[in-house]
Amino acid sequence: MYPELNPYVVLITGGASGLGLAGAQGFAKQGATIVIVDINESEAKQAALELGSEHLGLACDVADETQVNQVVDTVIQKFGRIDVLVNCAGIADQVKPTVEQDMTHFRRLLDIHLTGSYMMTKACAVQMLKQGKGSVINISSIAGVIGLTYRNAYSAAKAGISMLTRTLGCEWAAAGIRVNAIAPGYILTPLTQSLIDKGRLDKSIVERRTPMGHFGTPKHIADAMLFLASDQAAFITGVTLPVDGGYMSWGAPSDAFDDHP
Ligand SMILES: NC(=O)c1ccc[n+]([C@@H]2O[C@H](COP(=O)([O-])OP(=O)(O)OC[C@H]3O[C@@H](n4cnc5c(N)ncnc54)[C@H](O)[C@@H]3O)[C@@H](O)[C@H]2O)c1
């Protein structure tokens with residue numbers, strides 16, 4: 001579909017599961033070489049192996065600057081370039097009243113999502129600036145645009161990621177590096193499935209609130225990643241693209257989806 005992606009080296013954080021894994025599979029189908037970077041080493045290696053022996057799985061906590069720099073050095077030593085970075089590593093927020101929230105979790109979430117995306121982008125940009133070309137794809141969320149009660153750290157981190165996308169997109173526009181973000185709506189992944197299983201997310205309420213009437217699939221997000229990395233998006237930088245089945249466009253005071261209209 002996008003032959004220009006074929007020679008690319010694509011580094012995907014959080015690539016062992018969910019949206020990152022779908023992105024890894026999507027880029028691999030285009031012929032790209034994938035580096036899956038994840039805090040879960042065995043799953044990162046296993047996921048890379050399942051893609052094929054030319055791909056690599058590396059352990060890294062994206063919140064740790066030393067580990068981030070080491071991983072980027074390893075990729076450059078092995079492959080000599082990084083064409084696409086997808087910042088997809090993430091954890092869920094604590095869903096409880098703000099006055100009961102735990103500061104350790106608040107800080108850890110910001111460290112992974114916001115600071116982690118920033119540090120990984122900064123490290124990869126050194127190489128991309130030398131290449132005069134590169135594409136960074138951040139994963140924001142509907143939570144970074146509209147207010148989701150209780151999810152303070154998550155929403156603030158995701159709004160911050162969208163702003164980083166704008167500032168870095170403008171800084172590097174003339175240098176050939178495009179920086180964009182995707183704001184997924186509710187997508188069925190191990191993360192959202194565990195929230196449903198624990199009773200922290202009501203599947204049918206989400207379906208009724210989504211104009212298209214259903215959760216998205218990881219492939220919906222992977223398809224947006226491929227598009228943003230491709231030459232079809234050559235004049236697109238600094239944007240956050242909603243991929244949410246219409247969720248953020250709905251403002252009427254009623255359910256958005258009625259299966260018996
Ligand atoms: N699933 C959704 O509905 C949805 C919606 C909007 C945004 N997102 C965002 O998409 C991203 C991926 O979510 P997902 O649903 O695929 O979750 P997931 O749990 O399936 O995958 C997340 C991956 O990130 C890894 N990870 C966690 N902490 C890490 C760290 N410190 N360093 C490196 N890797 C780490 C995990 O090991 C896991 O493999 C997250 O940023 C999430 O906030 C998801």
Side-chain angles (χ1 to χ4, degrees), residues 11-26 35-48 57-68 70-72 85-95 105 107-120 123 137-146 148 151 153-162 164-165 181-198 200-201 203 206-207 209-210 214-222 224-225 240-245 247-248:
L11 191 163
I12 305 186
T13 75
S17 175
L19 306 185
L21 179 58
Q25 291 163 341
V35 183
I36 290 181
V37 169
D38 203 284
I39 199 165
N40 188 327
E41 182 171 18
S42 59
E43 287 193 14
K45 290 194 184 313
Q46 181 59 29
L58 295 173
C60 171
D61 178 350
V62 298
D64 182 319
E65 191 176 12
T66 306
Q67 292 184 38
V68 165
Q70 274 168 357
V71 131
V72 172
L85 164 67
V86 182
N87 284 308
C88 203
I91 58 170
D93 211 343
Q94 42 188 341
V95 184
H105 190 277
R107 291 199 177 95
R108 176 75 180 147
L109 194 145
L110 281 164
D111 281 350
I112 294 173
H113 286 261
L114 180 60
T115 314
S117 298
Y118 171 70
M119 291 191 301
M120 192 54 88
I137 298 165
N138 293 318
I139 304 299
S140 180
S141 167
I142 55 171
V145 183
I146 54 177
L148 300 187
R151 302 178 70 184
Y154 189 83
S155 301
K158 294 303 193 184
I161 285 171
S162 285
L164 269 183
T165 300
I182 296 166
Y186 285 93
I187 313 293
L188 259 189
T189 65
L191 187 145
T192 41
Q193 187 61 54
S194 79
L195 295 176
I196 293 167
D197 295 345
K198 288 177 196 156
R200 286 165 56 191
L201 183 63
K203 193 161 181 273
V206 171
E207 288 166 348
R209 173 61 182 76
T210 305
H214 57 84
F215 278 61
T217 65
K219 184 172 182 300
H220 287 132
I221 306 305
M225 291 176 193
T240 294
L241 175 68
V243 182
D244 65 356
Y247 194 97
M248 283 194 290

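In each ligand, atom 1 is the first atom listed, and ligand 1 is the first ligand listed. Counting begins at 1 with the first residue of the sequence.
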Q. Looking only at protein heavy atoms, which one is nearest to atom 28 (N) of ligand 1, and how far off is it?
A. I91 CG2, 3.8 Å
**Q.** Contact with ligand 1 for R108, non-hydrogen, under 4.0 angstrom
**A.** yes
Q. Looking at ligand 1, does G216 have a heavy atom less than 4.0 Å from it?
A. no
Q: May I ask you to list the atoms of ligand 1 that are less than 4.0 angstrom from any heavy atom of P190?
A: 20 (O)
Q | Closest protein heavy atom (residue, atom, distance) for atom 5 (C) of ligand 1 | A | G185 O, 3.2 Å
Q.
Any salt bridge linking R200 with D93? Criterion: basic side-chain nitrogen under 4.0 Å from a carboxylate oxygen.
A. no
(Q) So if I count the atoms of ligand 1 from 1 in the order they appear, which ones are less than 4.0 Å from some heavy atom of G18? (A) 16 (O), 20 (O)
**Q.** Heavy-atom closest pair, residues A16 and A44
**A.** CB-N, 3.8 Å
Q: From atom 29 (C) of ligand 1, work out which of I39, L19, V206, I161 has a heavy atom at the shortest distance.
A: I39
Q) Looking at ligand 1, does Y154 have a heavy atom less than 4.0 Å from it? A) yes
Q.
Atom OH of residue position Y118 - does it have more than 12 heavy atoms of other residues, nucleotides or ligands inside 6.0 Å?
A. no
Q) What are the atoms of ligand 1, with element, lying closer than 4.0 Å to any heavy atom of H113? A) 41 (O), 43 (O)
Q) Under a heavy-atom criterion of less than 4.0 Å, does A143 contact ligand 1? A) no
Q | Whether E43 lies under 4.0 Å from ligand 1, heavy atom | A | no
Q | Taking atom 18 (P) of ligand 1 as the reference point, the nearest protein heavy atom with its distance | A | S17 OG, 3.6 Å
Q | G14, A157, C60: member with heavy atom nearest to atom 33 (C) of ligand 1 | A | C60
Q) Is any side-chain heavy atom of H105 less than 4.5 Å from a side-chain heavy atom of I91? A) yes
Q: Go through the steps for I187 and T192 under the test side chain to side chain contact (heavy atoms under 4.5 Å, CB included), then give the verdict.
A: CA-CA 7 Å; I187 313 293; T192 41; 5.6 Å; no
Q | Atoms of ligand 1 close to T192 [distance to a heavy atom under 4.0 angstrom, numbered from 1] | A | 1 (N), 2 (C), 3 (O)
Q. Are any non-hydrogen side-chain atoms of M225 and I139 less than 4.5 angstrom apart?
A. yes
Q) Looking only at distance, does G20 have an N or O less than 3.5 Å from an N or O of ligand 1? A) no
Q | Candidate pair V62 and I112, rule side chain to side chain contact (heavy atoms under 4.5 Å, CB included), full reasoning | A | CA-CA 6 Å; V62 298; I112 294 173; 4.0 Å; yes
(Q) Under the criterion side chain to side chain contact (heavy atoms under 4.5 Å, CB included), I'd like the reasoning laid out for V71 against M120: C-alpha separation, chi angles, the key distance, then a yes or no. (A) CA-CA 9 Å; V71 131; M120 192 54 88; 4.2 Å; yes
Q) Would you say I139 contacts ligand 1, with heavy atoms under 4.0 Å as the rule? A) yes
Q. Between A183 and ligand 1, which part of the residue brings a heavy atom under 4.0 Å of the ligand: side chain, backbone, both or neither?
A. neither
Q: Please report which non-hydrogen protein atom sits nearest to atom 32 (N) of ligand 1, along with the residue it belongs to and the distance in Å to one decimal place.
A: V62 N, 3.1 Å
Q | Passing option when I182 is tested against D244, I137, L19 for side chain to side chain contact (heavy atoms under 4.5 Å, CB included) | A | I137
(Q) Starting from atom 15 (O) of ligand 1, what is the nearest protein heavy atom, named by residue and atom, and what distance separates them? (A) T189 OG1, 2.6 Å
Q. Can any side-chain N or O of T13 pair as donor or acceptor with the backbone N or O of A89 at less than 3.5 Å?
A. yes
Q. Any donor and acceptor pair, going by atom type alone, linking the side chain of K203 with main-chain N or O of H214 inside 3.5 Å?
A. no
Q.
Under 4.0 Å from a heavy atom of S141: which atoms of ligand 1 are those, numbered in the order shown and with their elements?
A. 6 (C), 7 (C)
Q: Look at atom 37 (O) of ligand 1 and find which of V243, N40, I12, D38 reaches it with the closest heavy atom.
A: D38
Q | Shortest protein contact, atom 41 (O) of ligand 1 (heavy atom only) | A | K158 NZ, 3.0 Å
(Q) Using only atom types and a distance under 3.5 Å, with no angle test, would you say the side chain of S155 pairs donor to acceptor with the backbone of A143? (A) yes
Q) So, N138 versus T165: side-chain donor-acceptor pair below 3.5 Å or not? A) yes
Q: Check the side chains of S162 and S140 for a donor-acceptor pair under 3.5 angstrom, ignoring hydrogens and angles.
A: yes
**Q.** Sub-4.0 Å atoms of ligand 1 with respect to non-hydrogen atoms of D61
**A.** 30 (C), 31 (N), 32 (N)
Q | Best match, S117, G90, P184, C88: closest heavy atom to atom 11 (C) of ligand 1 | A | C88
Q: Would you check whether Y186 has a nitrogen or oxygen atom less than 3.5 angstrom from a nitrogen or oxygen atom of ligand 1?
A: no
Q: Output the list of atoms in ligand 1 that are nearer than 4.0 Å to some heavy atom of S140, sorted by atom number.
A: 7 (C)
**Q.** Within-4.5 Å side-chain heavy-atom neighbours: I196 and L188
**A.** yes
(Q) Could you identify the single nearest non-hydrogen protein atom to atom 2 (C) of ligand 1 and state the distance to 0.1 Å? (A) I187 O, 3.6 Å
Q. In terms of atom number and element, which parts of ligand 1 are under 4.0 angstrom from non-hydrogen atoms of I112?
A. 31 (N)
Q: Go through the steps for C60 and V68 under the test side chain to side chain contact (heavy atoms under 4.5 Å, CB included), then give the verdict.
A: CA-CA 7 Å; C60 171; V68 165; 4.2 Å; yes
